[in-house]
Amino acid sequence: MDQYKNFKSEDFVWDSFFRQWVLTPTRESDQVWNDWLLQNPEISDLVYTARQTVLALKVQDTEISSREIERIISKTVGSINQPYERETILTDVAQNRFYQRSWFQFAASVLLIVAAGLWLKFYDGSFQNSESKIASLLSGKVEKGLIERVNDSSQPMEVWLEDSSRITLAPKSRISYPEKFSGAKREVSLHGEAFFEISKDPQQPFFVYSNELITKVLGTSFTIKAFDSSRQVTVEVKTGRVSVFAKSDPNLRSKIRSRELSGIVLSPNQKIIFERDQMRMVKTLVEKPQIILPKAQIPHFEFEDTPASEAFLSIGKAYGIDILFDEDLLKECPLTATLDNQTLHEKLSIICSAVESTYEILDGQVIVHSKGCRN
Amino acid sequence: MDFSYPYPGSSDEKLVWQRFLAGQPEAFEKLMSTHFRSLFQYGSKFSKDKEFVKDSIQDLFLILWEKRENLSSDIVVKSYLMASLRRLMHRSTTTRSRLFDNASPEDEGVFEIEFSVEEHYIESESAFMLTEKVRKMLSELPRRQKEVVYLKFFQDLDRNQISEVMEVSPQTVSNLLQIAIKQLRTYWKAEFLILLTIHLFI
């Protein structure tokens with residue numbers, strides 16, 4: 001380790017052994033570096049500075065969702081099982097892609113113009129058709145071309161849709177969906193409980209019709225409970241955002257048609273409860289909120305003389321939940337606690353009792369009431 | 001679906017590769033889901049066209065599957081896939097620009113990479129300044145040095161793997177790395193002072 005004695009911060013930043021310790025520490029490397037730092041306290045400032053730099057400096061990556069990856073993979077895996085299709089894909093590559101040839105581009109644009117004309121001509125007709133389809137889904141009738149799956153077993157049942165969305169259907173539940181999604185919407189109807197993992201496609205929003213409630217998503221995962229026998233319909237979001245509205249909503253049509261999510265929007269760890277007899281919706285948090293950050297980015301909830309305001313911020317970020325508090329009051333409240341293994345509610349209760357505050361859940365947010373700690 | 005990332009070069013990964021060569025569709029799926037994200041991110045450095053990158057990765061796996069009987073079983077999968085994707089994309093980029101007749105010399109061998117700073121790791125002023133400086137110096141490196149630094153420090157490839165990916169000799173990799181690191185370590189006093197002064201006045 002002697003060579004490190006004359007290192008400057010930037011030398012540490014580009015040292016492989018040092019980076020390895022910072023990014024993927026092991027018990028051995030921890031021991032080596034901590035021992036060495038104890039013997040060389042004068043360098044520890046440099047080392048900690050370099051350490052923050054190594055951690056903070058990230059390559060800015062182009063984003064792609066897991067859903068999208070899943071969709072491409074299942075498409076590709078599907079094509080290796082069909083020899084014919086595989087061959088065409090390979091010839092495409094060999095010939096620099098069929099669709100880039102100019103005669104093909106010309107033909108395609110002619111076709112597009114003709115299709116646009118036809119579409120304009122028949123637009124009214126086709127539109128009416130989709131409205132009537134909604135109507136039939138609303139009334140729960142099974143239309144021709146719809147598949148209905150019923151789970152009579154005692155185990156959850158997996159249902160795959162054509163767009164590679166996955167639905168886990170709970171026992172005593174049934175779902176109906178079209179063989180093929182066409183038009184501007186993907187629509188299914190549910191009686192009972194199901195967990196949905198919907199593949200992302202903003203051009204074709206996904207709708208779930210369940211009793212009095214309509215849930216609209218662009219691509220996300222969530223659970224709906226809508227048993228005919230129950231007084232409530234609930235929607236709980238795990239990832240992404242969904243919007244929910246009642247079938248009795250006067251603006252139903254425009255909400256369904258709009259490209260954005262309107263109505264009540266739920267984010268991860270939020271839940272909507274629809275009281276069927278009162279026709280009333282309440283937004284709250286799911287019972288056991290989960291951390292939404294990827295594993296590698298979860299911070300340690302170890303606080304030592306940390307302002308309570310910072311603790312709330314880091315917890316709110318990890319769970320993707322808005323925690324509202326008076327920053328000026330709470331930054332005067334020092335907190336010392338280790339809260340890695342507690343649930344969200346335990347974390348909040350412990351912090352609140354430490355800094356003499358209380359909290360409540362209102363409209364899917366956490367609100368902290370405090371009188372401050374300056375005495 | 002579970003996207004787990006086994007250690008590069010681990011025996012587990014070798015096993016999946018061997019099963020892929022033996023023609024098992026499950027291994028095809030596993031291989032693709034393990035590597036898709038990092039290949040996508042690597043490919044995006046060569047082209048901003050997301051669809052093109054996705055298509056290229058899909059083609060890559062289909063081509064490998066097609067000629068699996070002629071492939072070696074004893075390889076480091078990660079760098080092999082990266083090298084193959086790089087070749088495939090460069091080939092199609094050249095033919096693409098020829099087809100559309102808008103080939104510009106700069107199109108040859110783009111490697112666009114941007115670095116960002118995750119501020120929640122930064123606790124001190126000195127760390128902030130160091131990180132900003134390193135980021136700036138990284139972005140000023142010439143293209144090939146950037147790629148070498150990226151593969152070495154952000155993709156954890158060793159010298160031989162980098163030489164395979166970039167199609168240059170291992171000696172060239174060492175040289176490129178040495179020059180890059182030397183540049184990155186240069187303590188630029190003037191800039192440090194300017195930054196410090198600006199900070200004092202804000």
Side-chain angles (χ1 to χ4, degrees), chain A residues 7-16 19-20 23-24 45-46 48-64 66-81 85-87 89-90 92-97 100-102 166 197 297 299 313-314 317, chain B residues 1 3 25-26 28-29 32-33 36-37 40-41 43-45 48 50 53-55 57-59 61-63 65-66 88 92 95-96 98-100 113-124 126-131 133-135 137-138 149-150 152-154 156 180-181 184-187:
Chain A
F7 263 39
K8 299 197 189 79
S9 291
E10 44 269 87
D11 300 325
F12 281 109
V13 170
W14 300 112
D15 182 77
S16 294
R19 291 179 73 88
Q20 230 169 41
L23 295 168
T24 49
D45 269 358
L46 289 182
Y48 285 120
T49 303
R51 189 187 151 82
Q52 289 168 47
T53 298
V54 169
L55 286 169
L57 198 70
K58 292 275 150 65
V59 174
Q60 208 160 29
D61 279 320
T62 317
E63 280 188 20
I64 183 165
S66 307
R67 298 267 131 232
E68 173 69 2
I69 295 181
E70 230 172 277
R71 191 186 63 79
I72 296 171
I73 291 172
S74 70
K75 206 169 87 190
T76 320
V77 172
S79 72
I80 63 165
N81 294 327
E85 220 172 292
R86 177 183 60 195
E87 234 158 68
I89 288 171
L90 283 172
D92 278 0
V93 178
Q95 301 173 353
N96 303 318
R97 295 193 174 278
Q100 279 158 2
R101 296 180 167 192
S102 54
R166 179 166 66 171
E197 291 162 275
Q297 290 175 24
L313 277 179
S314 113
K317 196 174 160 209
Chain B
M1 208 180 288
F3 293 104
E26 303 79 41
F28 181 100
E29 187 174 349
M32 203 170 166
S33 49
F36 195 98
R37 188 177 291 273
F40 177 77
Q41 271 145 10
S44 302
K45 312 282 179 281
K48 285 202 173 79
K50 279 189 184 186
V53 180
K54 288 180 201 166
D55 283 348
I57 299 172
Q58 208 177 340
D59 291 343
F61 279 95
L62 289 170
I63 291 170
W65 179 256
E66 191 70 352
L88 182 75
S92 357
T95 39
R96 225 160 56 142
R98 251 209 314 272
L99 263 170
F100 288 116
I113 182 165
E114 273 182 55
F115 294 89
S116 58
V117 176
E118 287 196 11
E119 282 175 5
H120 63 268
Y121 288 114
I122 305 277
E123 288 160 5
S124 66
S126 54
F128 173 79
M129 282 193 285
L130 177 65
T131 314
K133 197 186 80 186
V134 171
R135 191 176 68 91
M137 295 186 107
L138 270 173
V149 168
Y150 171 75
K152 161 91 178 151
F153 294 105
F154 296 89
D156 278 326
I181 297 286
L184 289 169
R185 278 176 174 172
T186 316
Y187 204 68

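This one's a predicted model, so the numbers in the text were calculated from it and none came from an experiment. So you know, we letter chains A, B, ... as the sequences are listed, proteins then strands, and number each from 1.
Proximity to chain A (any heavy atom under 4.5 Å) is shown, for B/Lys48, by neither the backbone nor the side chain. Only the side chain of B/Ile113 comes within contact range of chain A, with at least one heavy atom under 4.5 Å from a heavy atom of that chain. Interface residue A/Glu68: only side-chain heavy atoms are found under 4.5 Å from chain B.
Residues passing the ring pair (Phe, Tyr, Trp, His ring centres under 6.0 Å) test with B/Phe154, sequence neighbours excluded: B/Phe115. Taking B/Phe36 as the reference, nothing meets the ring pair (Phe, Tyr, Trp, His ring centres under 6.0 Å) condition, with sequence neighbours excluded.
The candidate from B/Ile57, B/Leu138, B/Val53 with the greatest count of non-hydrogen atom pairs under 4.5 Å with chain A is B/Leu138. In terms of non-hydrogen atom pairs under 4.5 Å with chain A, the most contact-rich of B/Ala127, B/Ser124, B/Ser116 is B/Ser116. For the set A/Asp45, A/Val13, A/Thr53, A/Leu23, the count of heavy-atom pairs under 4.5 angstrom toward chain B peaks at A/Thr53.
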* To do: Evaluate salt bridge (charged side-chain N to carboxylate O under 4.0 Å, His left out) for B/Lys133 paired with A/Glu10, printing each intermediate quantity in order.
  => CA-CA 10 Å; B/Lys133 197 186 80 186; A/Glu10 44 269 87; 2.5 Å; yes
* Could you walk me through whether B/Val117 and B/Phe128 pass the side-chain contact (heavy atoms from CB on, under 4.5 Å) test, one step at a time? => CA-CA 9 Å; B/Val117 176; B/Phe128 173 79; 5.9 Å; no
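Proximity of A/Leu55 to B/Glu118: side-chain heavy atoms (C-beta onward) are nowhere separated by under 4.5 Å.
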